[in-house]
Structure formats: C-alpha cells, structure tokens
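Okay, so here's the structure we're looking at.
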Amino acid sequence: MSVDPAAPDFNIDTYLRVESTSFLQDKEAERILGLAKKAANPFEVLDLDHKTWLLGKVEEKDIKMSYRKKSLLLHPDKCKHPRAQEAFEMLKKAESELTEEGKRAWLLGVIGEARMIVLKRRNLLKANGSVSALPDQQKNPEEFNTLLAAVKVETRRILIDQGQRDSLRLKNEVERKNEEESRAAEEKKRKVEADKNWEKVCAVLLDSY
C-alpha cells in the first residue's frame, strides 16, 4: 500500500503511521542533539526514568532496553533526519559509558550531588539530612516534574563546571609542559654554546705551547 496521497492504492492508516513514526524520530533526534550543547549526560541521552534522578537507582537492563528502543528509532537506515547519524553516535556513546561500571558510578555520584543541592534549596531535607517525602508523581505531577527537571538542570551545571575545570587543568598542564620544554631547549642551547667556547679556549691554549 502506498503512502503517496496521489497514488491509487493510497492507504490513510499506513500514511498516518509512517508520518507519526517520522515525527517521533525527528523529535527524538532533536532532543538528543540538543543535549550536545548542555554537557550531554548519558543518563539524559538515554532518557532514563525518574528513579535515576530522584532515587539514584538504575539497573543495567533499563539501560540496555532504553538503548535498544532508541537505536531502532534513530538508526540512520530508518531515520530520515539529516543529522540522524550524529544522534545515533551520541546514543551509542551514552550506552557505552553507562555499561562501564566506574563511569556509571561517577555519574550517579554527580546526580546525587545535584539532587541534594536541589532538595536543600527546596527545603526537602530534614535536619538530620534525610529526605522529606517527595511529590507524588500521580497526585501532584506538576510539582514532581518540576523537581525532576531541576535535578537534571543542576546535574548539567555540575558537569559543565567539571568540564571547564578539566579544560583549565589541561590547559595549565600543556602550558607547564611547553615551559619545561622551552627551558630544556634553552639549557641545551647554552650547553652547546659553552662547549663551543671551551673548545675555542682549548684550541688557543694548545696553540700557545
């Protein structure tokens, strides 16, 4: 059956299904590509549910399942978005990072730090440091989603700060290495000049005998 409205065998159900899939593919590709400008967090790229952000819990099967669903949606052979390949690569990278236990644990630590900052800011921490009751997702979805979004935004901020600190440290290390190499080159140059001068002195002394 054709999805071309002008074709004799055009089928409206097939057409709407294809258009719906295409819309979802474009929307998901744009969502992932948009994260590239926000210190893309693998958890956010895979769009894992609230348990990761509000409870600090994630199971490897959830990571695999989310990756599988989204990779089928965004595979460049299936998705017509002009930057589908780029979005697909971001998806693969996110899944790879989260299957690495050390990286996953570090990211969960960052999310935990962001969560505590947000909860403290919203007076949801008790005096003993324990968490007050969180908004109910069913009874108070607006407050729940606002809290969830705040934790994601705070996580991005921490990751951006971390990235800037890493970049500055790398820059300082490069500059220090360049300075050391420059000093070593100058020292070598001075040594060569000193050796040449000593050879001249020795030649003069030999000629005087």
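Remark: the E28 side chain and the H81 side chain contain no N/O donor-acceptor pair separated by less than 3.5 Å. Side chain to side chain, E143 and N140 meet the donor-acceptor criterion of an N or O pair below 3.5 Å.
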Step-by-step side-chain contact (heavy atoms from CB on, under 4.5 Å) determination, L74 to I32: CA-CA 10 Å; L74 292 177; I32 291 176; 3.4 Å; yes
Derivation of the side-chain contact (heavy atoms from CB on, under 4.5 Å) call for K51 and V58: CA-CA 7 Å; K51 293 193 297 294; V58 63; over 6 Å; no
Trace of the side-chain contact (heavy atoms from CB on, under 4.5 Å) decision for D136 with F144: CA-CA 6 Å; D136 187 276; F144 178 89; over 6 Å; no
E97 and W106: CA distance, side-chain angles, deciding distance, side-chain contact (heavy atoms from CB on, under 4.5 Å) verdict: CA-CA 11 Å; E97 289 183 338; W106 180 78; over 6 Å; no
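A 4.5 Å side-chain heavy-atom check between V151 and L119 finds every atom pair outside the cut-off. With a 4.5 Å cut-off on side-chain heavy atoms, L35 and R156 count as touching. Residues V110 and N41 form no side-chain contact, since every pair of their non-hydrogen atoms from C-beta on lies 4.5 Å or further apart. Inter-residue side-chain proximity for T99 and K64 is flagged as met; some heavy-atom pair is nearer than 4.5 Å. At least one side-chain heavy atom of F43 sits under 4.5 Å from a side-chain heavy atom of L108. In this structure the side chain of L48 reaches within 4.5 angstrom of the side chain of L98, judged on heavy atoms. Looking at heavy atoms from C-beta onward, K191 lies out of side-chain contact with K188 at the 4.5 angstrom threshold. Contact of the R122 side chain with the L147 side chain is registered, since non-hydrogen atoms from C-beta on lie closer than 4.5 Å.
Within 6.0 Å of CZ on R31 lie more than 12 heavy atoms contributed by other residues, nucleotides or ligands. Counted within 6.0 Å of CD on E193, heavy atoms from surrounding residues, nucleotides or ligands total more than 12; the atom is thus considered enclosed.
Here the straight-line distance linking atom CG of L46 with atom CE of M90 works out to 10.5 Å at 0.5 Å rounding. Summarising the geometry, atom CG belonging to D26 is positioned 6.0 Å from atom SG belonging to C79; distances are rounded to the nearest 0.5 Å. Here CG of L24 is found 10.0 Å from NZ of K70. Values are rounded to the nearest 0.5 Å. Atom-to-atom distance recorded for E44:CD and T155:OG1 is 8.0 Å, nearest 0.5 angstrom. Once rounded to the nearest 0.5 Å, the distance linking CD of E95 with CD of E60 reads 8.5 Å. The NE2 atom of H50 lies 11.0 Å from the NZ atom of K152; values are rounded to the nearest 0.5 Å.
The two residues R115 and G56 have their closest heavy-atom pair at NH1-N, 3.6 Å.
A salt bridge links R157 with E154: the distance from a Lys NZ or Arg NE/NH1/NH2 to an Asp or Glu carboxylate oxygen falls below 4.0 Å. The existence of a salt bridge linking K92 and E89 is confirmed by a sub-4.0 Å separation between a basic side-chain nitrogen and an acidic carboxylate oxygen. Salt-bridge check for E86 with R83: passed, with a basic side-chain N closer than 4.0 Å to an acidic carboxylate O.
When atom types are taken as modelled, the side chain of S66 and the backbone of I63 share no donor-acceptor pair closer than 3.5 angstrom.
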